[in-house]
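Worksheet: one structure, shown below.
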Amino acid sequence: MKRVTLGDGVLSVSAIAFGCWRFLGDEPPQARAKIDAVGEAGLNFLDTADIYGFGTPGGFGAAETQLGAVFKDAPHLRDQFVVATKGGVALPKPYDASFDYLVGACEASLKRLNTDYVDLYQVHRPDLLASAEETARALNHILASGKAKTIGVSNYTPAQFRALQAHLDSPLVSHQPEFSAWEVAPLSNGILDQCQETGAACLAWSPLAGGRLATGEVSKTDDAERFAALIATLDRLADAYNASRTQIALAFLTTYPAKVIPIIGSQTPARIQEAASAVHISLSRRDWYDIYEARLGSKMP
Ligand code: NAP
């Protein structure tokens, strides 16, 4: 599996990450089997968050608790994986990135995950009522106390990233926006340019649009015609590259010339393996632009 370095080589992660938003409600042997399948597919990068599980029977913290139970049962797995988590979504507030909240949230995540540190701690969403200086102080403290090796942000604009970075002692090593062949905003809103400028990785959430690029299912808010055109283009290229539609959709992300790491959400071992194989596909310039143009519904100017 191709590796990508984060934070000047502090972390070496697989080019595809496994997301734990849907890693919930499993009996211990099932949970362990999934993490084993992720490792067998060559993935060493896990992304979770304290809020994953909120609204389900397990509640806030359930996804971290399930992963922590796997680590407790098989401590060697903790060292095998690079573990990223997030804090700062605190419903119903809804966000809190103040010093006390974030430091406490990070400590609570470590307890649930059965670990002394996480490899990457991310602010889940920008809290408009926490100053960049205060959030930075919390992240500086989390790093200095050894609770995280590196830090990053999710759902931040480039300007919010820059404001936070100005108060930090260490670089933000990652942005985490929604990014897929359907949700293409990071290509034009400055996030990916900022990744190129700073060397931060782009951890792409919902890289298959939550599964819709796999199933072809149109959501109520999608432009159905545009969505169908995108699916048709992905299918045509899947034939040409002897690949699946989902592999082409992932290759659209990894062909971009920055460190783009799709965080896949499938809980099915065969699909995780299929996604892992997508890193070997490099789309030609024309094919990449065909996907982008199909999404935009117009030719490049
Ligand atoms: P996704 O990979 O876009 O979608 C995964 C879903 O697609 C699963 O339910 C999967 O079902 C389904 N699927 C159906 N057919 C599939 C196929 N052929 N191949 C692959 N998947 C197929 O990702 P996601 O779950 O929406 O999100 C991934 C991760 O992004 C999360 O776990 C989380 O770590 C992160 N995330 C972050 C934020 C944030 O605000 N930072 C928000 C959302 C998500 P099966 O399980 O049945 O295969």
Side-chain angles (χ1 to χ4, degrees), residues 13 16-26 30-31 33-35 37-38 41 43 45-56 62-64 66-67 81-91 94-95 97 109 113 118 120-127 152-157 160-161 174-186 191 201-217 219 222 230-231 234-235 238 243-254 260-278:
V13 301
I16 303 269
F18 176 71
C20 295
W21 183 29
R22 302 174 197 270
F23 181 64
L24 287 166
D26 295 314
Q30 259 180 303
K34 278 187 192 171
I35 297 301
V38 170
L43 276 52
F45 193 14
L46 307 176
D47 177 72
T48 188
D50 56 10
I51 192 73
Y52 295 166
F54 184 86
T56 72
E64 288 185 333
Q66 180 164 300
L67 184 57
F81 287 98
V82 173
V83 178
T85 195
K86 315 178 206 71
V89 176
L91 297 167
Y95 310 134
S109 286
L113 287 164
V118 283
L120 171 63
Y121 193 73
Q122 305 154 98
V123 185
H124 203 152
R125 289 200 175 260
D127 171 12
V153 291
S154 182
N155 304 299
Y156 267 50
T157 65
Q160 289 166 336
F161 181 106
S174 58
H175 252 300
Q176 187 177 141
E178 182 175 11
F179 183 31
S180 67
W182 183 245
E183 180 45 77
V184 291
I191 286 185
C202 169
L203 312 183
W205 67 258
S206 290
L208 298 176
R212 299 201 317 286
L213 292 176
T215 60
E217 188 188 321
S219 87
D222 291 341
L230 175 63
I231 295 290
L234 294 173
D235 282 343
S244 66
R245 186 201 297 157
T246 55
Q247 287 176 322
I248 298 297
L250 295 174
F252 175 75
L253 306 180
T254 54
V260 179
I261 301 175
I263 310 174
I264 59 164
S266 175
Q267 303 292 302
T268 310
R271 289 175 176 170
I272 294 167
Q273 182 67 59
E274 185 183 328
S277 305

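As the structure lists them, so they are numbered: ligands from 1, and atoms in each ligand from 1. Basis for what follows: all heavy atoms, side chains included, without hydrogens, waters or symmetry-related copies. For this chain, numbers begin at 1 and follow the sequence in order.
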In the protein, what heavy atom is nearest to [atom], and what distance, to one decimal place, separates them?
atom: atom 20 (C) of ligand 1; result: Leu208 CD1, 3.5 Å
atom: atom 41 (N) of ligand 1; result: Ser154 OG, 2.8 Å
atom: atom 7 (O) of ligand 1; result: Gly211 CA, 3.0 Å
atom: atom 10 (C) of ligand 1; result: Ser266 CA, 4.0 Å
atom: atom 28 (C) of ligand 1; result: Ile263 O, 3.1 Å
atom: atom 14 (C) of ligand 1; result: Arg271 NH1, 3.5 Å
atom: atom 31 (C) of ligand 1; result: Trp21 CB, 3.4 Å

Less than 4.0 Å is my threshold; does some heavy atom of [X] fall inside it relative to ligand 1?
X: Arg125; value: yes
X: Tyr52; value: yes
X: His124; value: yes
X: Lys86; value: yes

Mode of [X] contact toward ligand 1 - side chain, backbone, both, neither (heavy atoms, under 4.0 Å):
X: Phe23; value: neither
X: Asn155; value: side chain
X: Pro207; value: both

I want to know if ligand 1 touches Gln267 in the polar sense, i.e. an N/O pair below 3.5 angstrom.
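Yes: some nitrogen or oxygen of Gln267 is under 3.5 Å from one in ligand 1.
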
Please indicate whether any nitrogen or oxygen in Asp47 is less than 3.5 Å from any nitrogen or oxygen in ligand 1.
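Looking only at distances, the answer is yes, because the N/O contact criterion of under 3.5 Å is met.
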
Option nearest atom 4 (O) of ligand 1 (shortest heavy-atom distance, choices Gly265, Cys20, Ala17, Gly210)
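Going through Gly265, Cys20, Ala17, Gly210 one by one, Gly210 has the nearest heavy atom to atom 4 (O) of ligand 1.
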
Minimum distance, heavy atoms only, to atom 26 (O) of ligand 1: which one of Ala63, Ala214, Ser206 is it?
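That would be Ser206.
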
Looking only at side chains, do Asp222 and Trp182 share a donor and an acceptor under 3.5 Å apart?
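The answer is yes; a qualifying pair exists.
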
